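Any value given below was found using the heavy atoms of this structure, including those in side chains, with hydrogens, waters and symmetry copies removed. None of these values were measured; they are calculated from a predicted model.
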Amino acid sequence: MGEHMCPPEDMRPDARAGTEPDRTTTNPRAVDARQAPAAGAAEPYGSNRGQDAKATVVAGAAAADPFVYNARGHGLTGDGITNDQPALQALVDELGAAYARDGQPRTIYCPAGVYSIRDEGTVWRSGVSLIGAGAAATRFALSNPGNETSPTPLAFFTALQHGAGRENHIADCTFAHFEIDGSGVIVPSYDVLAKGLGLQYVLRGRFHDLYIHDTPATGFGCDFLQDTFVDNLLIVHCGRLENGEWMGGAGIGIGVGGWGAVERCTVTACTTYRNGTNGIFFELQKQDWTPPRGIRVIGCHSEANRFGISDWGTDGLVVAGCTLIGNHQAGYDVSSLGTTSVAGRGGILTGCIIEENIWDGVGIGNTPGPYTVSGNRISRNGRFGYWQHNLAGGDQEPAADIIIDGNEFWDNAVCGIYIDSALSDPVVAGNRVRNNGRRMEPGCSGGGATVSYTERTLIDTAAEWAPDGHRGKWITAGGQQAIVMGNTPNELTFAPRRPGALTAWSEGTPPPGASYRLPDSPAARAGITLAAATHRPTIHDNLICDSQPHQTQTHGLRITQTGTCQSGRVHDNDLEGNAVAATHFDTAPSGGCWYHNLGLDKCPGEQS
């Protein structure tokens, strides 16, 4: 995650392996729980005492369980005033020691209340779970008024601070049904440990029904998760001190590679909103480690982050049924931006809604391949629906076996698919690429009495712009710049200046009448553009057209001066109905086999 020191790699058997639990433990707190249920018993999660028979049954069962500990009976107050961190640490240490002796996990139950965690994070132990009464009921309020250098996570256990590793891992812990409020942590600069949860080397972990918000760094920043499930997390406005340089500060950030070639981790039904970098990302933590398989992201929602979901070093990441909207750079990103500059490979992105991202819908680069993008709706993005690219510092070799299949690309600002780095043996098949090129308004300027501004808009009553004709442009106004998300005939709407910000302006809203200037639009805005060397592509059965009354997609297929199409198999595409022509080739295709392309009569290399 760009935030961690790498741990030792030697192996030791699981702490529970070969151990027969001692069911006759004499743990004094367990004895208290049996003998004094009124003081030490867990209350039913999310319910009020005595409200119904079911709650009474649950409370009675918990009271009889010697391995469930009510925090209120063990030093924590939940009054929002007392610092509950020392009592929590003491209880975690005691229960962790008991688990080490007998292999029996324990649970700390925190009834409804505000638990103040001040000036120190809690070092976690194996076999200790933390359960609340619900995110709206049990809140852990993090703050550091007595130690401004302390990042104060709720729970952490790391390689650098605590020697975490395969031989020294956290096992059999559940964190569920509570809220972490990080707004009270004020540190002088970005600190990678200023998280909500920051655990490394977790085995059989369960993270469920958590609301984490306003942490200076990543909200859920846990690495090397084996046989672990992360589900129903709501992560909002975390990474609030990320300045675009750390590549941390995410909603959910998971470092990978520490357990070897397979890390069995599933992330489901999580929502990440307005976080500093990614909504969700996975990052290889050592350059020479094997990118792991076994990671899945299913049914998640990522909105208004810098990136929605990013794959920075896994192998075979499966992302399915997710909604990735309104993110500042891309809805889905595969690139070398991670701390080891290793991009993902072998992944599958399928069945997702990828829409209204301020730059691109999907950006893939620095990968050796393969990668599959299939069955998604990729629409209304501020530049390209799909952008193949390589960033400096990562792998620059041609990506092999990229598959773009069965997607809907429509209403993107420039091109539906833009190939900007070399590909070998790609397949582009069965896509509907239509009505793109919406950024078609010419450059213009204005100012004076007809112009006014708000934190996120500009209104020029004298303008007559085509709807969304400026989408994705950078505007210069009053000496500042902002990026256009969309427009009506006389109003521009701008993106926030960074994730979580409420304004588009870095130096305050421009005054009424301040002059502005918008740049010109690109003349060519094709459905598919090849702007890099493309070797042996298979492009077939695509519908590439513009059905709007006022067409904006200029061409079906374009090859630029920097692009090539070598030995391609291009057939059975419908290229009719674009604004200018079916194709535009600055560089003629060479070799291959072209046939049955509707709208294309005499392409070089075409065979009858």
Side-chain angles (χ1 to χ4, degrees), residues 307 310-312 327-337 341 343-345 347 349 354 357-373 376 378 381-404 407 409 412-428 431 433 436-439 471-474 483 519 521-539 542 544 553-566 568 570 583-589:
F307 300 97
S310 291
D311 179 2
W312 295 344
N327 297 287
H328 283 236
Q329 284 193 222
Y332 189 78
D333 181 69
V334 180
S335 71
S336 62
L337 278 174
S341 299
R345 70 286 315 272
L349 175 66
I354 306 172
N357 298 287
I358 296 168
W359 287 8
D360 304 309
V362 177
I364 293 182
N366 304 116
T367 178
Y371 227 96
T372 298
V373 178
N376 305 284
I378 306 174
N381 298 289
R383 189 171 59 169
F384 308 128
Y386 177 100
W387 180 36
Q388 186 74 38
H389 67 290
N390 283 337
L391 300 178
D395 186 4
Q396 302 295 313
E397 297 300 314
D401 302 312
I402 299 294
I403 298 173
I404 306 171
N407 303 282
F409 293 97
N412 296 289
V414 182
C415 296
I417 300 171
Y418 193 87
I419 305 303
D420 205 16
S421 63
L423 292 180
S424 174
D425 299 295
V427 175
V428 181
N431 302 283
V433 188
N436 297 287
R438 290 301 298 273
R439 191 194 300 176
R471 185 194 295 161
K473 291 184 180 181
W474 284 93
I483 189 167
S521 295
R525 304 176 302 276
I528 299 175
T529 296
L530 306 182
T534 310
H535 188 51
R536 292 191 304 270
T538 298
I539 303 173
N542 300 285
I544 314 173
Q553 183 169 293
T554 58
H555 304 85
L557 176 62
R558 179 180 176 227
I559 306 175
T560 70
Q561 291 181 342
T562 58
T564 63
C565 182
Q566 303 170 347
V570 182
T583 61
H584 180 82
F585 298 149
D586 292 321
T587 303

Indicate the atoms forming the closest heavy-atom contact of Asn390 with Gln396, along with that distance.
CB-OE1, 3.5 Å
Compare every heavy atom of Ala413 with every heavy atom of Arg471, then report the nearest pair and how far apart it is.
O-CB, 3.7 Å
Interatomic distance, CD1@Ile402 vs CG@Leu423, rounded to 0.5 Å, equals 6.5 Å
Can you name the nearest heavy-atom pair linking Trp474 to Pro519, along with the distance?
O-CD, 3.1 Å
The criterion is salt bridge (charged side-chain N to carboxylate O under 4.0 Å, His left out); which residues satisfy it with Asp311, sequence neighbours excluded?
none
Heavy-atom donor-acceptor pair, Asp333 side chain to Ser310 backbone, under 3.5 Å:
no
dist Ile419:CD1 -> Thr560:OG1 (nearest 0.5 Å) comes out at 11.0 Å
Return the set of residues passing side chain to side chain contact (heavy atoms under 4.5 Å, CB included) with Asn327 (not counting sequence neighbours), or none when no residue passes.
Asn305, Leu324, Asn357
Rounded distance (nearest 0.5 Å) linking atom CD1 of Ile378 with atom CD1 of Ile417
8.0 Å
N/O donor-acceptor pairs under 3.5 Å from side chains in residues 526-535, not counting sequence neighbours:
{"unit_1": "Thr534", "atom_1": "OG1", "unit_2": "Ala532", "atom_2": "O", "d": "3.0"}
{"unit_1": "Thr534", "atom_1": "OG1", "unit_2": "Thr564", "atom_2": "O", "d": "3.4"}
{"unit_1": "His535", "atom_1": "ND1", "unit_2": "Gln566", "atom_2": "OE1", "d": "3.3"}

Restricting to side chain to side chain donor-acceptor pair (under 3.5 Å), what partner residues turn up for Asp425, sequence neighbours left out?
Arg536
What residues, two or more places apart in sequence or in another chain, satisfy salt bridge (charged side-chain N to carboxylate O under 4.0 Å, His left out) together with Arg439?
none
Under 4.5 Å between any side-chain heavy atoms of His328 and Ile483, yes or no?
no
Just to verify, what does Ser336 make a side chain to side chain contact (heavy atoms under 4.5 Å, CB included) with, not counting sequence neighbours?
Ser341, Asn366, Leu391
ring-ring contact (aromatic ring centres under 6.0 Å, His included) against Tyr418, all qualifying residues, sequence neighbours excluded:
Phe384
Asp401: what forms a side chain to side chain donor-acceptor pair (under 3.5 Å) with it, not counting sequence neighbours?
none
Keeping the roles fixed (side chain from Gln553, backbone from Gly437), state whether a donor-acceptor pair exists under 3.5 Å.
no
Could you work out, with side chain to side chain donor-acceptor pair (under 3.5 Å) as the rule, every residue matching Asn412, not counting sequence neighbours?
Asn381, Asn436
By the definition side chain to side chain contact (heavy atoms under 4.5 Å, CB included), identify the one residue from Leu349, Val362, Val373 that meets it with Asn407.
Val373
Approximate separation, where rounding is to 0.5 Å, of Phe307 CZ and Leu337 CG
5.0 Å
Taking every heavy atom of Gly365 against every heavy atom of Ala343, the minimum-distance pair comes out as O-CB, 3.5 Å
Partners meeting salt bridge (charged side-chain N to carboxylate O under 4.0 Å, His left out) with Arg345 (sequence neighbours left out)
none
Tell me every residue that passes side chain to side chain donor-acceptor pair (under 3.5 Å) with His584, counting only those two or more places apart in sequence or in another chain.
Asp586
Atom OH of Tyr386 and atom CD1 of Ile404: how far apart are they, to the nearest 0.5 Å?
4.5 Å
Taking atom CD of Gln329 and atom CZ of Arg383, what is their separation to the nearest 0.5 Å?
9.0 Å
